[in-house]
Amino acid sequence: MPAMSSNVPIMPDKAKQRLCQRLHLHAAEQVDILLHAMKAGDAGRQAVVLSPRAPQGYEPPFVCADKTRYPWLPARVRIPANGESPTRYADYAAGLYYVLDLSSCWAGSMLSELPQTPRRSLDLCAAPGGKSMLLAAQVELRDHTANEVNAARRGILRQNAELCGLPNTRITGLRPDQWGNSGELFDLVMVDAPCSGQSLLCKGIKNPGCLGASMVRGNAKRQRGILLAAVRCVAPGGYLLYTTCTYDPEENERVISYILRRVAGFMACKVPAMELYQTWLADFPAYRLLPHHEAGAGGFCCLLRRDE
Ligand SMILES: C[S@@+](CC[C@H](N)C(=O)[O-])C[C@H]1O[C@@H](n2cnc3c(N)ncnc32)[C@H](O)[C@@H]1O
């Protein structure tokens with residue numbers, strides 16, 4: 001945990017209290033630590049994932065930081081050393097690696113818990129392609145569907161998939177309810193849900209209203225709908241990975257809790273590598289990353305398994 005310094009942004013006590021309540025932090029002091037980390041910490045840290053196009057033994061052409069601080073990181077992920085900009089190299093333009101933030105890799109590392117390579121996988125909210133890239137870095141893609149409802153974003157997804165050489169991948173643009181009614185079943189469904197994006201604040205991106213009740217409530221409703229459709233696509237014995245890039249329990253722990261209550265036959269999986277991040281806001285295993293954990297901007301993830 002970083003030491004407190006005078007770098008902490010000034011926030012009135014009442015606003016701190018509200019933030020503390022909204023995010024269910026332990027105490028007001030945590031808000032200071034959080035704000036400090038948002039402003040000065042490791043929060044905007046980038047990572048790169050080696051793409052399927054990268055040949056065996058390939059290493060990126062820049063200096064990489066020590067990975068031992070992040071034992072959960074997938075093997076094909078590298079962290080550029082401070083100050084390195086991985087996008088300025090020809091290898092990036094050639095699709096040998098894909099750039100994303102460290103907390104996406106944190107969430108994607110949950111896939112290490114899969115006992116075997118999925119025969120069929122579906123990335124339901126796929127653009128611009130980071131989670132599919134992380135999946136390809138950890139297992140062989142046999143029959144993968146990268147789905148994106150937004151047409152413009154789907155174009156970017158297609159470009160990235162082609163550039164990085166995602167194998168055995170089809171790009172689709174169905175809504176989650178259409179997938180739910182399709183009768184298609186997958187051994188792995190990934191839902192990297194649209195969310196209030198509170199972690200964007202850590203990357204210096206303005207996100208007005210992201211801490212407000214109405215934005216959070218609206219997103220939680222959409223997430224419940226997406227998940228109710230997604231669970232219908234999970235084959236018996238299959239897995240569903242739910243991830244967000246927000247801190248709010250209403251969009252995270254409570255959404256999963258709702259699904260576990262509403263849908264029979266699913267349980268949340270314990271992922272030993274992520275134990276450090278287990279949330280205390282749920283009575284099932286799920287993981288919460290906050291900016292002061294110093295592993296990127298933050299987010300939430302939970303892996304569900306459907307009974308055989
Ligand atoms: C967090 S982003 C996905 C990021 C992506 N998985 C990655 O790692 O690069 C969420 C995606 O969900 C899409 N989306 C928005 N509303 C949706 C909805 N109602 N159903 C499904 N997807 C939606 C957005 O267009 C966006 O591309």
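Numbering of ligands and ligand atoms starts at 1, following listing order. Numbering of residues begins at 1 and proceeds along the displayed sequence.
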For [atom], closest protein heavy-atom neighbour:
atom                    : value
atom 7 (C) of ligand 1  : Gly130 N, 3.3 Å
atom 21 (C) of ligand 1 : Pro176 CG, 3.5 Å
atom 12 (O) of ligand 1 : Cys125 CB, 3.4 Å
atom 1 (C) of ligand 1  : Asp192 O, 3.6 Å

Among [options], which one puts a heavy atom closest to [atom]?
atom                    : options                        : result
atom 16 (N) of ligand 1 : Arg153, Met190, Arg222         : Arg222
atom 22 (N) of ligand 1 : Leu100, Leu134, Val149         : Val149
atom 4 (C) of ligand 1  : Ala127, Ala126, Gly225         : Ala127
atom 25 (O) of ligand 1 : Met133, Glu148, Lys131, Arg154 : Glu148

Start with the C-alpha distance between Thr68 and Asp66, add both sets of side-chain angles, then the distance that settles side chain to side chain donor-acceptor pair (under 3.5 Å), and finish with yes or no.
CA-CA 6 Å; Thr68 51; Asp66 178 15; 2.7 Å; yes
Do Arg120 and Asp187 meet the salt-bridge criterion of a basic N to acidic O distance under 4.0 Å?
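Arg120 and Asp187: not salt-bridged.
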Check this for me: does any side-chain nitrogen of one of Glu113 and Lys270 sit under 4.0 Å from a carboxylate oxygen of the other?
no
Please work out whether any backbone atom (N, CA, C, O) or any side-chain heavy atom from C-beta onward of Ile226 is under 4.0 Å from ligand 1, and answer side chain, backbone, both or neither.
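Near ligand 1, Ile226 shows its side chain, while the N, CA, C and O stay back.
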Please confirm whether Pro194 comes within less than 3.5 Å of ligand 1 when only nitrogen or oxygen atoms on both sides are compared.
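For ligand 1, there is no N or O atom that lies under 3.5 Å from one belonging to Pro194.
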What orientation do Tyr97 and Phe62 show, parallel under 30°, tilted 30 to 60°, or perpendicular over 60°?
perpendicular
Taking Val216's backbone N and O only, do any of them form a donor-acceptor pair with Glu250's side chain (distance below 3.5 Å, no angle check)?
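No: the side chain of Glu250 does not pair with the backbone of Val216.
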I'd like to know if the side chain of Glu148 reaches the main chain of Leu157, judged simply by a donor and an acceptor atom lying under 3.5 Å from each other, with no hydrogens or angles considered.
no
Is the count of non-hydrogen atoms from other residues, nucleotides or ligands lying under 6.0 Å from Lys221 atom NZ greater than 12?
no
Element-labelled atoms of ligand 1 that are located less than 4.0 Å from some non-hydrogen atom of Asn150:
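Numbered from 1, ligand 1 contributes 25 (O).
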